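See structure below.
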Amino acid sequence: MSAVAAWDGKSVPELLDLEPLDVNLFRNRLNQRNANGALFGGQVLAQALASATLTAPEDRSVHSLHGYFLRAGQSEKPVIYQVDRTRDGGRFSTRRVVAIQEGAPIFHMELGFHAAEEGYEHQRAMPEGVSGPEPLLDLAGLAELMGDRLPDFIRRRWSDRDRPVEVRPLDPEQFLDGRGKEPRRRFWLRMPSAAEAPDRAQQALLTYVSDYWLAGTAVLPHAVPMPSPGIFLASLDHAMWFHRPARVNEWLFVETLSPSAQGGRGLSLGFVHDMAGRLVATMVQEALMRPRRPAG
């Protein structure tokens, strides 16, 4: 299998663009490496959703997805996405996607699509007292403000002003260090490169960003700083429910919590609200989390 080009880290819609190979068969064009040198899980999640969306009826959008990471993806190899059109009913469609590298599955996902209809409504309220994003510093601004208090690798990462996703934490200290506190992160985010993406692509873009700061919430009480080079963190599974339409190029408020960590695994859940306070998505992720073993 030939090599695939490395993503330049700028346009996420470009990262999620897929090449049709045959009916229900797609191949990615670009790859993103994670901190471990493997394929970034958010890319695989979002590309799997993008491939399933290409096979779903136009009147339906994804309402939930459940994915399992089976083995680490190779960041230098392309990924083939094989879609099974499990069912198309009157208002619901079901799809299964298997992501394959060199003939072996690295990930699979079950998805449900639903045609819009009227129904009962209630939602989790937007947390009270949440500041809007405007007065908050982004990660580059925090890197300048916190200076030597940040480890070099975090300061370098945060100082990158070409990051595809803009993040503004409400609680910068807890964003890094949750020891002695509730494992929680609260932040605003937006993806400027998503401005030209059509509405149907926005759910895949939201799925992409959902893998950034979710699993690490479970590590906060146990490591300083977070991300920490002393802890190995890898996604095991990931689920999302999409409640209301949202555009990722506009500010979204995210609150993540970790109810439990045990047996080498940590569970994190997150809620996503738009600027109007509407709950647009809920997400859950379990990750493998263990101290890194010394080399040798």
Side-chain angles (χ1 to χ4, degrees), residues 33-46 48-49 64-73 98-99 105-112 124 127 150-151 153-154 157 167 169-187 189 206-243 253-273 279 281-296:
R33 291 166 57 96
N34 66 14
N36 299 319
L39 204 59
F40 174 52
Q43 169 198 322
V44 180
L45 286 162
L49 171 53
S64 68
L65 59 83
H66 304 259
Y68 286 86
F69 295 92
L70 307 178
R71 50 175 59 88
V98 181
I106 64 170
F107 172 86
H108 69 75
M109 177 186 283
E110 298 283 345
L111 310 93
R124 171 189 188 264
L150 294 176
F153 79 98
I154 288 184
R157 181 183 297 184
V167 179
L170 269 72
D171 314 295
E173 298 286 348
Q174 185 151 356
F175 200 77
L176 283 166
D177 178 5
R179 292 182 304 172
K181 309 168 188 173
E182 179 185 12
R184 180 178 71 165
R185 281 174 165 164
R186 302 186 303 164
F187 53 93
L189 67 77
L206 180 57
T207 301
Y208 169 83
V209 297
S210 73
D211 195 41
Y212 263 95
W213 296 279
L214 183 57
T217 306
V219 186
L220 284 175
H222 311 288
V224 177
M226 186 58 224
S228 171
I231 287 187
F232 178 80
L233 188 67
S235 300
L236 296 173
D237 56 25
H238 192 106
M240 289 187 72
W241 293 263
F242 301 87
H243 310 307
F253 172 74
V254 182
E255 180 173 31
T256 65
L257 306 165
S258 176
S260 179
Q262 74 297 310
R265 305 188 313 276
L267 184 68
S268 300
L269 63 131
F271 304 98
V272 185
H273 293 260
L279 181 67
T282 300
M283 51 202 184
V284 180
Q285 187 175 66
E286 188 174 46
L288 178 68
M289 46 180 278
R290 59 164 70 113
R292 287 188 183 272
R293 299 182 177 91

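These values consider heavy atoms only, across backbone and side chains, with no hydrogens, waters or symmetry-generated copies. All figures in this text were calculated on a predicted structure; none of them were measured in a lab.
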- Hits for side-chain contact (heavy atoms from CB on, under 4.5 Å) against Ala215, two or more places apart or cross-chain, chain-then-number order -> Leu233, Gln285, Ala287
- Can you sort out the partners of Ala72 under side-chain contact (heavy atoms from CB on, under 4.5 Å), two or more places apart, ordered by chain and number? Ala38
- Message: Using the ring pair (Phe, Tyr, Trp, His ring centres under 6.0 Å) criterion, which residues pair with Tyr212? Sequence neighbours excluded.
- Response: Phe40, Tyr208
- Residue list, ring pair (Phe, Tyr, Trp, His ring centres under 6.0 Å) with Phe242, at least two apart or on another chain: none
Do you know which two heavy atoms are closest between [X] and [Y], and how far apart they sit?
X      : Y      : answer
Leu39  : Asn34  : O-ND2, 3.5 Å
Met240 : Ala281 : CE-CB, 4.3 Å
Ser268 : Ala218 : OG-N, 3.4 Å
Gly73  : Ile106 : CA-CD1, 4.1 Å
Ser210 : His238 : OG-NE2, 2.9 Å
Gly41  : Phe69  : CA-CE2, 3.7 Å

- Message: Strictly distance-based, threshold 3.5 Å: is any side-chain N or O of Arg185 a donor or acceptor partner for the main-chain N or O of Gln174?
- Response: no
- Set of residues satisfying salt bridge (Lys or Arg N to Asp or Glu O under 4.0 Å) with respect to Arg184, sequence neighbours excluded: Glu255
Which residues pass the side chain to side chain donor-acceptor pair (under 3.5 Å) test with [X], sequence neighbours left out?
X      : result
His243 : Thr282
His273 : Arg124
Asp171 : Arg186
Thr207 : none

Min side-chain heavy-atom separation [X]-[Y] under 4.5 Å:
X      : Y      : result
Pro127 : Phe253 : yes
Val254 : Val209 : no
Pro221 : Glu182 : no

- Message: For Phe187 and Phe175, take the angle between the two ring planes, folded into 0 to 90°, and tell me which bin it lands in: parallel under 30, tilted 30 to 60, perpendicular over 60.
- Response: perpendicular
Only distances under 3.5 Å count here; give the side-chain donor-acceptor pairs of residues 258-267 to other protein atoms, sequence neighbours excluded, each with its distance to 0.1 Å.
from: Ser258; atom 1: OG; to: Leu267; atom 2: O; distance (Å): 2.7
from: Ser260; atom 1: OG; to: Gln262; atom 2: OE1; distance (Å): 2.4
from: Arg265; atom 1: NE; to: Glu286; atom 2: OE2; distance (Å): 2.9

- If you measure from CG on Leu49 to CE on Met109, what distance do you get to the nearest 0.5 Å? 6.5 Å
- What distance separates His222 NE2 from Met289 CE, expressed to the nearest 0.5 Å? 4.5 Å
- Message: Checking Thr217 against Thr256: is there a side-chain donor and acceptor pair closer than 3.5 Å?
- Response: yes
- May I have the step-by-step check of side chain to side chain contact (heavy atoms under 4.5 Å, CB included) for His66 and Asp237, ending in yes or no? CA-CA 7 Å; His66 304 259; Asp237 56 25; over 6 Å; no
